[in-house]
Amino acid sequence: MTEFPIERGPQPPEVEVLCIGETMVMVAPTPPGPLTDPGTALRLSIGGAESNVAMSLAQLGISAGWWSRLSDDPLGHFVHDLIAEHLVDTRSVEFDEIRPTGLYLKDQASGETRVTYYRQGSAASAMSPRDRGRLPAWTRLLHLSGITPALSPGADALVEELLDAPRPAGRRVSFDINHRPPLWSAEEAGARLHALAAKADIVFVGLDEAHRIWNTATPDEVRALLPAVPQLVVKDGPRAACAYTAAGVTRVPAPPAEVTEVVGAGDAFAAGYLAAELRGLPTRRALMAGHLAAREAIKITSDVPALPRLDSLLDEAPRIWAAADAPLRPAPDSPPLAKENR
């Protein structure tokens, strides 16, 4: 195994939750539509699973930080500043004078969102275990995703070391599977993501991606593959989500919602669930918070919704589920939604 000597920087600030992973510059048509239509106006924004979670957590009232590597140029500082504007601690982010910040293009033609991205050799792909000494201190939760291991051998090694590192009492690691087909095939990703997820304390996975990489058909089959994970959350799109914990299985149907675009919904769900869980709320309430945060994300075309504080978010739960004719009744079957392939 390649050795990565740890580089130590100044003592970083502590945060309650630290999220680590690549964030890219997003270029999208405005208003939403085909990317290549003549005269299409384009807007710059950002997209990154882990920074999405950090920004949503901060809005919900959780102290959150984000760490990655960015280019030391206008695009890199654009990414940094936009995340920092959401009250996320970004003071330890590394700026790379050589490598670029990743970029992706969003095409919203024919009612489906497709993305094409350019991230090979990006600053974030240079992440490695030698960066461990530069990471901000976190007091309760470290959040990682299955995107980072696919970026480079060094990034993969960093994720594994962070999952393997001894955790003091009260500190945990959450891991969102987040399989991205353009980064690696289902066959290549399946075994590696399973091995990493098995080391985490909280795991999020979509039933569709679990089927793709592990050939599982039901949440129970996913649980059978990860029996020792203390909290396993399986999301079944617009239908329901269930959590497997020491107390058993808790299932909460998804509330009715208007769908504009599903990109970023999984990140918002993770943030809602984690915020409630960190505040000691019951699993059922945590799943509801996840659904409600995701419900806000799918209304918009950007990745991060505007969210209220956690208490205010959950105050809306009775009204929202009542709109399905009865509290917590399953939402009606929905047609397939636009897939995120970035």
Side-chain angles (χ1 to χ4, degrees), residues 2-15 17-28 42-58 63-106 115-138 142-145 147-159 161-162 178 180 182-183 264 267 302-304 342:
T2 304
E3 293 293 329
F4 295 92
I6 294 175
E7 297 177 2
R8 301 200 178 273
Q11 181 63 37
E14 284 193 346
V15 291
V17 179
L18 175 63
C19 304
I20 296 176
E22 181 172 36
T23 297
M24 297 177 289
V25 173
M26 179 185 74
V27 179
L42 302 175
R43 64 181 174 89
L44 287 184
S45 185
I46 63 173
E50 300 83 4
S51 59
N52 288 348
V53 172
M55 289 186 282
S56 290
L57 283 171
S63 167
W66 171 75
W67 185 88
S68 188
R69 287 181 169 272
L70 294 167
S71 55
D72 191 9
D73 62 15
L75 288 182
H77 288 277
F78 170 75
V79 171
H80 170 274
D81 293 349
L82 193 52
I83 295 171
E85 285 176 10
H86 284 76
L87 304 181
V88 173
D89 195 317
T90 58
R91 287 175 287 179
S92 297
V93 167
E94 291 288 315
F95 288 98
D96 191 316
E97 296 182 354
I98 300 173
R99 299 175 182 87
T101 291
L103 177 144
Y104 72 99
L105 309 178
K106 181 181 286 191
V115 297
T116 303
Y117 57 136
Y118 304 88
R119 71 199 316 171
Q120 187 171 5
S122 69
S125 71
M127 289 188 289
S128 76
R130 65 171 58 95
D131 291 312
R132 280 184 58 194
R134 299 180 178 275
L135 301 182
W138 49 280
L142 175 66
H143 182 71
L144 307 168
S145 91
I147 298 172
T148 306
L151 298 181
S152 68
D156 178 59
L158 174 61
V159 170
E161 283 205 12
L162 292 171
N178 259 329
R180 294 292 189 261
L183 284 175
D267 305 328
S302 56
D303 281 12
V304 180
R342 70 156 182 247

Apply the test side-chain contact (heavy atoms from CB on, under 4.5 Å) to residues Met55 and Thr23: give CA-CA distance (whole Å), side-chain angles for both, the deciding distance (0.1 Å), then the verdict. CA-CA 12 Å; Met55 289 186 282; Thr23 297; over 6 Å; no
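- Checking each of Pro153, Pro129, Pro149, Ser152 against Leu158 for a side chain to side chain contact (heavy atoms under 4.5 Å, CB included) leaves exactly one that passes, namely Pro129.
- Nearest heavy atoms, Leu151 versus Ala124: CD1-O, 4.3 Å.
- No donor-acceptor pair closer than 3.5 Å links the side chain of Trp67 to the backbone N or O of Pro136.
- Between Asp267 and Val53, the shortest heavy-atom distance links the atoms O-CG2, 3.6 Å.
- Here the OG atom belonging to Ser125 is positioned 8.5 Å from the CD atom belonging to Gln120, to the nearest 0.5 angstrom.
- Asn52 CG to Trp66 CH2: the interatomic distance, rounded to the nearest 0.5 Å, is 10.5 Å.
- Test Glu94, Met24, His80, Arg99 against Leu70 for side chain to side chain contact (heavy atoms under 4.5 Å, CB included) and you get one pass: His80.
- Using a 4.5 Å heavy-atom threshold, the side chains of Arg180 and Val115 count as separate.
- For the atom pair OG1 of Thr101 and CZ of Arg69, the computed distance is 12.0 Å after rounding to the nearest 0.5 Å.
- Partners of Pro100 under the side-chain contact (heavy atoms from CB on, under 4.5 Å) rule, at least two apart in sequence or in another chain, do not exist in this structure.
- At a threshold of 4.5 Å between non-hydrogen side-chain atoms, the residues His77 and Asp72 count as touching.
- Rounded to the nearest 0.5 angstrom, Cys19 SG and Leu144 CG are separated by 8.5 Å.
- Contact detail for Val93 and Ser68: the closest heavy-atom pair is CG1-O, 3.6 Å.
- In this structure, Tyr117 and Tyr104 have perpendicular ring planes: the angle between them is above 60°, well past the 30° mark.
- The shortest heavy-atom contact between Ala126 and Asp131 is O-OD2, 4.0 Å.
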Please test Leu142 against Ile20 for side-chain contact (heavy atoms from CB on, under 4.5 Å), starting from the C-alpha separation and ending with a verdict. CA-CA 8 Å; Leu142 175 66; Ile20 296 176; 3.8 Å; yes
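- In this structure, Leu105 CG and Met26 CE are separated by 10.5 Å, a value rounded to the nearest 0.5 Å.
- Between Leu183 and Ala150, the closest heavy-atom pair is CB-CB, 3.8 Å.
- The nearest pair of heavy atoms linking Ala54 to Gly65 is CB-O, 4.1 Å.
- Just one residue in the list Ser122, Ser145, Ser51 forms a side-chain hydrogen bond (donor to acceptor under 3.5 Å, both in side chains) with Glu22, and that residue is Ser122.
- Residues Ser92 and Leu135 are not in side-chain contact: their nearest non-hydrogen atoms beyond the backbone lie 4.5 Å or more apart.
- Note that the CD1 atom of Ile46 and the CG atom of Asp81 stand 10.0 Å from one another [nearest 0.5 Å].
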